[in-house]
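A short worksheet on the structure shown next.
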Amino acid sequence: MFKNHASANKLFNRFTITRLFQSTRYPFFLSRLIIFTIRSLLKVYNKLYPLNVLVMSPHKANQPTDRSKKRSQSPPSSPKRRKISQNDSMADAVTKPSNGKNNMLVWFRSDLRTKDNPALAHALQKAQDQHESEPGRRKALVIALFVLSPSEFRSHDVGAVKVDFILRNLATLSEILWESYRIPLLVKTSSSAADVIKDMHQLCNAYSVSDLFANQEYEIDESRRDAKLIKSLPNDHVEFHLHQDQCVVPPGVLKSKSSNLTYTVYSPFKRMWFDVVKKSKDKYLTLARPLSDFPSPMNSVADLESLSIAHPDAIPDVLKGFELEAEKKKHLEELWPAGEVNALQNLDKFCSGAGKHESPGITAYNDARNYPNLENGTSRLSPYLAVGALTTKQCIVKAMEANGGKLDTGSSGIVTWIQELIWRDFYRNVLVGFPRVCMSKPFKLETMNIQWLFEDDVFQSWCYGKTGYPIVDAGMRQLQKTGWMHNRVRMIVASFLTKHLLHNWQHGEKFFANSLIDGDFASNNGGWQWVASTGTDAQPYFRIFNPYTQSEKFDPDGVYIKRWVPELAGLKTSAAIHNPHSVLSAKELVKLGYREKPIVDHKVARERAIAAFKLVLGKGGPVPKPKSNQGYGNHDYEEKETKGGAPKTKALESYFKDKIKSEN
Ligand SMILES: Cc1cc2nc3c(=O)[nH]c(=O)nc-3n(C[C@H](O)[C@H](O)[C@H](O)COP(=O)(O)OP(=O)(O)OC[C@H]3O[C@@H](n4cnc5c(N)ncnc54)[C@H](O)[C@@H]3O)c2cc1C
């Protein structure tokens with residue numbers, strides 16, 4: 001009847017004991033006695049049939065840890081563990097629960113969707129499998145959970161704009177889960193990571209949870225939190241299943257051919273990525289099973305009520321400390337409608353774009369992506385990816401459909417778009433390979449010696465788009481108004497802060513994280529470190545964006561500038577729009593309401609930056625000529641050598657002080 005003794009043993013154990021618990025109301029000591037007797041019988045059985053290593057008998061690979069050793073003095077309830085082997089996923093490192101609990105809890109984090117959600121799909125699958133294999137048992141309930149942690153939002157620089165988007169996405173997620181499947185989404189508030197762990201134990205006990213499902217988050221704090229949970233949950237007889245959803249190829253899989261280490265350069269990573277994914281399409285590009293594959297409703301409302309869950313929790317409209325002005329909130333709701341339905345619709349629209357200049361879409365992406373004035377030159381899907389209303393995999397599958405099933409050949413626009421998505425995998429790979437980037441350290445440690453300046457008024461002028469450089473100001477104001485900024489302009493403003501203003505990239509990173517609706521640690525940190533020449537595969541320090549030429553090239557008619565810097569909307573000539581100080585007098589500019597002088601002089605600022613970076617990164621000789629354009633979009637750098645060498649470190653600040661800061 002059974003394939004092997006182990007499964008017979010396992011089934012007997014789970015079925016018999018749990019049925020006894022459920023169907024009777026024996027006093028506590030009686031149930032303990034029964035368990036003890038059954039366990040003793042099983043021990044004898046295991047001895048007779050040594051193949052049975054699974055259920056209750058101690059085994060070398062199942063030695064309890066210190067914490068569970070204490071508990072093992074009361075044998076009937078001591079949890080069993082398998083040691084973690086190299087090939088195990090983190091989730092496999094815990095034992096099966098052996099009591100009456102059988103509900104599934106799905107902990108949503110950065111994955112606010114029902115489609116292509118491996119954690120959710122596996123929870124449903126497990127509930128269904130259990131039901132089929134143990135038909136007499138009460139059907140497992142599937143419960144969803146989101147933990148709101150204002151202190152974690154604060155410590156991770158998640159700003160009000162993204163918090164608002166998370167809440168709105170939660171509301172749509174809750175609606176889909178409940179209306180179609182009677183899966184209630186519970187929303188709990190925790191004040192710290194330590195509390196999250198404590199709360200999770202309480203919740204698992206309160207809702208008789210045997211299995212907790214989640215998709216993995218790779219940042220260091222989140223990884224540590226999960227590791228602690230994995231260690232502690234078996235004490236409550238709860239299995240923690242962690243799945244992968246953020247990357248197409250999970251971090252750690254792709255290693256440099258020559259060194260077998262984490263890739264630190266994008267281009268070879270990308271080549272390997274294409275090779276591996278093409279070879280194993282089924283493995284990497286198959287979407288998780290949709291909810292529609294499972295019976296609906298998933299839960300019986302009466303069973304839910306027995307757990308005192310009559311309905312999903314209300315999703316707060318606003319979180320204390322993360323309020324937005326009513327007008328801004330309304331504007332953001334219109335601009336970024338929440339939920340996976342909208343995310344998928346936008347993906348569809350982008351991928352079926354006709355390729356015309358007015359509505360470019362994916363096939364025109366190669367050309368259109370660099371022009372910030374084009375509304376649909378890029379997909380604008382990053383906010384949905386950041387909260388997990390959409391996955392990279394869904395995007396790539398859709399893009400391949402539009403490309404006749406091809407991944408790295410066919411439409412150049414589509415291939416380029418796929419390559420941009422691969423940056424997400426790349427930066428997550430870096431994060432896992434070099435966790436120091438999560439701990440306020442640059443990838444290139446020597447860049448900690450760069451003598452950054454910090455002047456609050458200068459920084460504030462950058463933050464709020466008052467630098468006197470129209471393209472920089474336009475970008476920062478777009479960010480303030482919409483929570484989003486075009487990639488080309490992100491590079492320009494980031495370069496301006498770190499090179500022209502010689503401010504530490506970490507200030508910019510923090511400000512972006514707090515202001516962006518698509519704030520994503522890996523991409524934000526990667527983007528900033530790339531621009532600041534402190535990161536993996538970073539642009540060489542002597543390549544400095546010229547904001548004037550960038551502006552002329554990518555916003556030739558000044559449409560983008562005029563939209564976001566209305567003071568300049570009336571300017572007629574190209575020269576005036578891109579560099580108003582070269583054409584208009586200080587008086588005329590003041591009359592328009594724009595800065596009298598730019599915050600720094602371009603030429604002087606550029607020299608100062610090269611000098612400061614050269615002291616740390618240069619070899620002291622002439623600045624080398626770059627070999628080629630290195631990957632990150634098609635940039636136009638200034639590649640001139642610095643003349644006259646760099647001033648010495650100590651003198652650096654004063655050397656440039658007067659020249660650099662013309663006015664505030
Ligand atoms: C200084 C700086 C900070 C950044 N901060 C973030 C951030 O916090 N969150 C974020 O999602 N992106 C960030 N990026 C990357 C990029 O600017 C945005 O992903 C992109 O502008 C989003 O617009 P889109 O959805 O229209 O992108 P598309 O051009 O349509 O690209 C599709 C998707 O590919 C991914 N992608 C594209 N370019 C990159 C890239 N360079 N790095 C990583 N992923 C990329 C994004 O998920 C994007 O949604 C940053 C870039 C820089 C230079």
Side-chain angles (χ1 to χ4, degrees), residues 110 156-159 161-162 165 246-248 266 269-270 336 343 346-347 349-351 353 360-362 364-372 374-396 398-399 413-414 416-431 475-476 478-479 482-499 505-539 545 631-635:
S110 315
H156 294 157
D157 297 312
V158 182
V161 172
K162 187 169 170 193
F165 195 54
Q246 292 199 5
C247 295
V248 174
Y266 170 76
F269 174 87
K270 178 189 73 187
W336 307 108
N346 290 354
L347 174 65
K349 267 193 221 157
F350 182 70
C351 289
I362 195 168
Y365 182 73
N366 231 356
D367 304 320
R369 70 186 174 127
N370 275 310
Y371 296 94
L374 294 180
E375 282 293 319
N376 301 312
T378 66
S379 67
R380 299 193 183 217
L381 288 169
S382 51
Y384 300 97
L385 286 159
V387 298
L390 191 66
T391 62
T392 312
K393 205 186 280 180
Q394 287 175 307
C395 291
I396 289 181
K398 195 79 202 161
I414 296 179
T416 307
W417 195 62
I418 291 175
Q419 287 174 356
E420 291 304 299
L421 287 158
I422 299 174
W423 277 99
R424 288 175 67 80
D425 276 18
F426 176 71
Y427 282 139
R428 275 165 177 72
N429 214 48
V430 169
L431 196 93
M476 296 309 289
Q478 180 182 29
L479 177 61
T482 67
W484 187 88
M485 194 194 298
H486 188 276
N487 181 58
R488 165 69 43 191
V489 193
R490 289 188 206 208
M491 292 192 284
I492 298 171
V493 303
S495 170
F496 190 81
L497 182 74
T498 54
K499 305 283 171 67
W505 59 273
Q506 286 165 324
H507 296 296
E509 182 199 16
K510 194 177 168 72
F511 185 77
F512 261 37
N514 263 302
S515 315
L516 282 168
I517 192 164
D518 67 12
D520 166 72
F521 181 82
S523 305
N524 194 31
N525 183 276
W528 273 96
Q529 293 220 54
W530 184 89
V531 173
S533 309
T534 64
T536 50
D537 202 11
Q539 68 162 329
F545 280 106
Y632 200 97
N634 40 346
H635 310 303

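Bear in mind the structure is a predicted one, so any value in this text is a computation, not a measurement. As the structure lists them, so they are numbered: ligands from 1, and atoms in each ligand from 1. Values below: all heavy atoms of this structure, side chains included; hydrogens, waters and symmetry mates excluded.
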For the 3.5 Å polar cut-off, considering only N or O atoms, please tell me whether [X] and ligand 1 meet it.
X	result
Y427	no
L381	yes
N487	yes

Under 4.0 Å from a heavy atom of [X]: which atoms of ligand 1 are those, numbered in the order shown and with their elements?
X	value
S382	11 (O), 22 (C), 23 (O), 25 (O), 49 (O)
L421	33 (C), 34 (O)
M491	53 (C)
W423	40 (C), 42 (N), 43 (C), 44 (N)

Side chain, backbone, both or neither: which part of [X] has a heavy atom under 4.0 Å from ligand 1?
X	answer
T392	neither
F512	side chain
L385	side chain
W530	neither
F521	neither

Practice problem: Measure the distances from the heavy atoms of W484 to every atom of ligand 1 and state whether one is below 4.0 angstrom. | Solution: yes
Quiz prompt | Proximity flag G519 to ligand 1, non-hydrogen atoms under 4.0 Å | solution = yes
Self-check item: Shortest non-hydrogen separation from N524 to E509 and the atoms involved
Solution: ND2-O, 3.0 Å
Exercise. Please report the shortest heavy-atom distance between R428 and A522, naming the atom on each side.
Key: NH1-CB, 3.8 Å
Quiz item: With a 4.5 Å limit on heavy-atom distance, are the side chains of R488 and R369 in contact?
Solution: no
Practice problem: Answer yes or no: is there a side-chain heavy-atom contact under 4.5 Å between M476 and M485? | Solution: yes
Quiz prompt | Y365 and F350 aromatic ring geometry - parallel, tilted or perpendicular at 30°/60° bounds | solution = perpendicular
Self-check item: Plane angle bin for H486 and W484 - parallel if under 30°, tilted between 30 and 60°, otherwise perpendicular
Solution: perpendicular
Exercise. Run the ring-centre check on Y427 versus F269 and record whether the distance is less than 6.0 Å.
Key: no
Verify, without hydrogens or angle tests, whether [X] (side chain) and [Y] (backbone) share a donor-acceptor contact under 3.5 angstrom.
X	Y	result
W336	T482	yes
K510	W505	no
Q529	G526	no

Select the closest option to [atom] among [options], judged by heavy-atom distance.
atom	options	answer
atom 29 (O) of ligand 1	W505, Y365, W528, W417	Y365
atom 38 (N) of ligand 1	R428, Q529, E420, R488	E420
atom 27 (O) of ligand 1	A368, A513, S379	S379
atom 12 (N) of ligand 1	G527, A532, S523, P383	S523
atom 14 (N) of ligand 1	R380, E509, R490	R490

Quiz item: Do the charged groups of D518 and R490 touch, with an N to O distance under 4.0 Å?
Solution: yes
Quiz item: Does K162 pair with D520 as a salt bridge, N-O distance under 4.0 Å?
Solution: no
